[in-house]
Amino acid sequence: MKKKGVYFTGGENSPYLWAETGEKDGWAFFENLLKKTEIAGTPGEGFGEEGRGFFRFSCFCSRETALTAAERL
């Protein structure tokens with residue numbers, strides 16, 4: 001995400017990564033991401049108004065699965 005210029009926080013020593021979506025509607029981002037990459041996460045709105053514009057990725061999987069997801073992104 002750093003290489004793509006996407007602002008994010010977390011991910012280091014944590015299974016959660018919060019990424020800025022560039023869109024106001026996190027649910028639209030969720031749907032688009034799921035259709036294009038088969039990756040699911042949680043729209044920031046699910047955590048309250050402060051989460052709007054962000055998307056939470058969680059990584060509770062094998063290293064291989066995480067690397068595959070990273071390639072799809």
Side-chain angles (χ1 to χ4, degrees):
M1 290 192 174
K2 287 179 184 177
K3 289 180 183 178
K4 297 290 184 180
V6 175
Y7 173 78
F8 69 93
T9 186
E12 294 184 31
N13 302 313
S14 169
Y16 302 108
L17 187 138
W18 287 84
E20 196 168 35
T21 65
E23 299 177 22
K24 291 187 177 182
D25 183 358
W27 291 103
F29 181 84
F30 168 82
E31 186 176 336
N32 190 34
L33 184 70
L34 187 61
K35 285 180 180 178
K36 288 184 176 180
T37 66
E38 297 182 352
I39 294 174
T42 308
E45 289 91 333
F47 299 93
E49 186 62 32
E50 292 81 15
R52 184 176 299 280
F54 286 87
F55 193 79
R56 188 183 84 168
F57 293 94
S58 303
C59 190
F60 292 100
C61 58
S62 69
R63 178 173 173 75
E64 181 179 288
T65 300
L67 291 173
T68 298
E71 288 176 17
R72 290 180 185 175
L73 281 173

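For clarity, every value in this text was computed on a predicted model and none was experimentally measured.
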Margin query: Apply side-chain contact (heavy atoms from CB on, under 4.5 Å) to residues F54 and F29 and explain how you reach the verdict.
Written below: CA-CA 9 Å; F54 286 87; F29 181 84; over 6 Å; no
Item checked: Stepwise side-chain contact (heavy atoms from CB on, under 4.5 Å) check, I39 with F57 -> CA-CA 9 Å; I39 294 174; F57 293 94; 4.1 Å; yes
Next item on the list: Go through K4 and L73 one step at a time and tell me if the side-chain contact (heavy atoms from CB on, under 4.5 Å) criterion holds.
Entry: CA-CA 10 Å; K4 297 290 184 180; L73 281 173; over 6 Å; no
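Side-chain atoms of R56 never come within 3.5 Å of backbone atoms of T42 as a donor-acceptor pair (strictly under, hydrogens ignored).
Closest approach of A19 to F8, counting heavy atoms only: CA-CB, 4.0 Å. Between P15 and F60, the shortest heavy-atom distance links the atoms CG-CZ, 3.5 Å. When every heavy atom of G41 is checked against every heavy atom of P43, the shortest pair comes out as O-CD, 4.0 Å. C61 and A66 get closest at one heavy-atom pair: SG-N, 3.8 Å. A pairwise comparison of heavy atoms in G26 and E45 identifies N-OE2, 2.8 Å as the closest pair.
To the nearest 0.5 Å, atom CZ of residue R52 and atom CG of residue D25 are 7.5 Å apart.
Remark: E20 engages no residue in a salt bridge (Lys or Arg N to Asp or Glu O under 4.0 Å) (not counting sequence neighbours). Taking the side-chain contact (heavy atoms from CB on, under 4.5 Å) definition, one finds that S14 meets it with Y16, sequence neighbours left out.
Linking ILVMFWY side-chain heavy atoms closer than 4.5 Å, directly or via other members, places F47 and F55 in two distinct hydrophobic clusters. When the side chains of ILVMFWY residues are joined at heavy-atom separations under 4.5 Å, either directly or via intervening members, V6 and W18 end up in two distinct hydrophobic clusters.
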